[in-house]
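Report on the structure given below.
Quick note: numbers below take in every heavy atom, side chains included, and nothing from hydrogens, waters or symmetry partners. Below, chain A is the first sequence line, B the second, and so on; all start at residue 1.
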2 protein chains.
Amino acid sequence: MTGEAGMSDYVVAVDVGGTSMKGGIVTRSGELAVTGRRPTGAEGGPDNVVAVIRSFVGELAARGASLLGRGPAAAGIAVPGLVDDATATALYAANLGWRDVPATALVPLDVPVLLGHDVRTGGLAESVLGAGRELSDFLFLPIGTGIAGAMIIKGGPYGGTSGWAGEIGHIPVFPEGEPCACGQTGCLETYASASAVARRYSARAASPATAEEVARLTAAGDPLAVKVWDDAVEALSLALATYTLLLDPSAIVLGGGLAEAGALLSDPLAARLGERLTFRSAPPLRRAALGVSAGMFGAALLGWRAAGAPEAGASWTLDVPKTPAVP
Amino acid sequence: MTGEAGMSDYVVAVDVGGTSMKGGIVTRSGELAVTGRRPTGAEGGPDNVVAVIRSFVGELAARGASLLGRGPAAAGIAVPGLVDDATATALYAANLGWRDVPATALVPLDVPVLLGHDVRTGGLAESVLGAGRELSDFLFLPIGTGIAGAMIIKGGPYGGTSGWAGEIGHIPVFPEGEPCACGQTGCLETYASASAVARRYSARAASPATAEEVARLTAAGDPLAVKVWDDAVEALSLALATYTLLLDPSAIVLGGGLAEAGALLSDPLAARLGERLTFRSAPPLRRAALGVSAGMFGAALLGWRAAGAPEAGASWTLDVPKTPAVP
C-alpha cells in the first residue's frame, strides 16, 4: 500500500445518541478528516430517524469522496438500545422508537457495514485507542444521563447472550432504596448518574442545579451537595465492589459527565472501594481518554473491521480538535 | 485409534476440597474406571497436603496401570483458592495453607498436567457434560458451605485478570446487613449458603439444625425456618438479578447442598428474580446435573486437554455410580 493510497482509504463513522448524532470520516491511519453533528429527528418517529441517519451517512461519504477522491471502504455505526451483533441489527431503542432495523437500512451505499451498541462501541475505542490500550479485561463506565457499562472481556466488548450485558446502572445497590424510572428500587443510576445527582440535589435545595454545579458546591462544602455527592460515591463503591468481585477486572475506566469532576469523584470512590474489598485488592480507577468522541472512534474501528482491516487502530495517534466540520 | 487402544487410554483426575479429595481414572470415552476419596491432611500443614495429593495421584495411576495395562496419558487436578491458569500454579488457598504450588509438584509421574480452580472446573464439567451442555454463556452456582460461582463466558470458564472472578458469595446484597466472616457486611454468603441457613436458624431457634432440616421445617411451615429461608431466597434473588443485569447469561445452573431442596428453593427464587427484572426477562434456573462429581469430571476434562485431546468429553455419557473404589 502506498502512502497516497493509504491516505485516501477511509470509512464513515456515526455515533447515534438519543437526540443527536456525531459522525466523521476516518482514514486508515486514524486521521479524522471530516466531522459533523446532526439531530436524530426522533420526534419524527423511527422511520424519520432511519432516513436522517441514511442522509447523514450519504453526506459524509460525498464529502469524503470530494476530499479524498473515492468512496468509503465501509461504514461503522454505533446505536443505543439493544443490538444483535451476529445479524448486525438494531433490535430496539426506547429513545428512538425503532425495532429490528438492519444495519444496511442505515447506509445508502453498497459498502460493508458493522453496527455496534453505543456504550460497547465506546468501550472498544477506549480499549484499542484510549485508557484501556494495554488491558484485555476492564470495565468502561461512562456516567452521564444514565449509567451503562462496557465490559471488556478477553480483549473485546462483551454483549452477553442477547446483547443485554453491562446494565450496571440498574443493579440494586440499595435494595430498600429510592424508586428508579425502570420500575425497580435502589438502582445505581437512581443515585449516581449525572441526572440523579442534579435531581436529588435540586429536590433538597431551594433551586435547581446541574451535576456540574453540585460538584462545585460539594467542593465548597455545601452540606446538601456533600450529602448527595456522598450518596453517589457510596452507590458507585457498592456497584464497583460487586463488579470487581464478579469480574476481577484489571482496571475501571470512568467516563461521562460525572467523571469530569476528577479527583472529587475518584479519590473518595477509590478509598471506599478499597475498604469494601476485604480479601482482594481493588482495581485502579482511570479516567477515560476519548471523552465524547469514544463512540465515533469506536464506530470507525467497526468500519475498518467491516472493511477487512481489523488491525487498523493499533497505530493511531488521535488528534481530535482540528478537523473541518460538515456544514 | 483402535477401540482397544481407546479403552486403555485414561487420565488421572483429582478434585481437592478443604478437608477431603475425590479422585478417579477416566478413560477417553468417559468411563470412570476407578474412583476414591482421601482426607487432605490439611491439619498436617501445606507440605503434607501436597504429599497426600502426590501419593493419591500415584495410587490412582498404579491402579489404572494394573487395570488397563499402561500409565495415564495425563492428569487434571482441581484445587480451591486462587489458581493461575497461565502458569498452572496453585497460588493460594486459605483452607489448605499453601502458596505457589506448581501443578507438577502434585503429580509423581512424568505426564502432562493441568490445574484448575475447583468451582470453575466444576463449571467446565457442567458446561461440557452437564446442565449447560448446549450453552456458551451461563452461571454455575454451587451453594454449599460457601458460595462461589463459575462464570461460563464464550464457551469456557472465566477467571478474570488474576483468577479472582466469580466471587458472587461476597457481593454486598444488603449493604447495611449482617457481618460476614470476610470482614464485609451483607454478603450473599452470609444469608444464603447452606451453613448460613443452618447458623441463622440455629441462632433463632432453641436447638441447632442443618440446612436440610431447615428446608424440611420451611416446607412444614415453621415460622422461624420460613423467615430464614425467605432471607436466603431474597439475598439470592438480589445477587442473581445483579448477575443477570451485568452478564446477560442464558441460564443459571444451581448446584450444591442447598439446591437439593429443589422447588422449595427454585420456585420462589425464579418468581422473585422475575419481579426484580423490569426491562428484561429472567434467565431460566436449572439444576446442576453432576452433583458432587462435577469437580472430578472437570478435572478429567482438564486431564484430556493436557493430553492433547480437548475434544474428549463431547460424546461422554456419564454413568457415575457403578465404579470400583480405590480401597
## Note on the structure
Checked A/P172, A/A148, A/S162 vs chain B; the most non-hydrogen pairs under 4.5 Å come from A/S162
### Task
Pull out the residues in residues 237-254 of chain B that come under 4.5 Å of chain A, heavy atom to heavy atom, sorted by number.
B/L238, B/T242, B/Y243, B/L245, B/L246, B/L247, B/D248, B/P249, B/S250
#### Entry: Winner by heavy-atom pair count (cut-off under 4.5 Å) against chain A, out of B/G160, B/G159, B/A94
B/G160
### Query
Of the listed residues (B/C182, B/G183, B/P283), which shares the most heavy-atom pairs with chain A below a 4.5 Å separation?
B/C182
### Message
Nearest 0.5 Å, please: how far is CE in A/M151 from CD1 in B/I153?
### Response
6.5 Å
### Task
Indicate the atoms forming the closest heavy-atom contact of B/Q184 with A/T278, along with that distance.
N-CG2, 3.8 Å
### Message
Does anything in residues 168-178 of chain A form a salt bridge (Lys or Arg N to Asp or Glu O under 4.0 Å)? List the pairs, not counting sequence neighbours.
### Response
A/E178-A/R200, A/E178-A/R204
### Task
Please list, in residue-number order, every residue in residues 123-139 of chain B that has a heavy atom less than 4.5 Å from any heavy atom of chain A; write 'none' if there are none.
B/D137
#### Entry: Results of side chain to side chain donor-acceptor pair (under 3.5 Å) for B/E234 - residues two or more places apart only
B/R272, B/R276
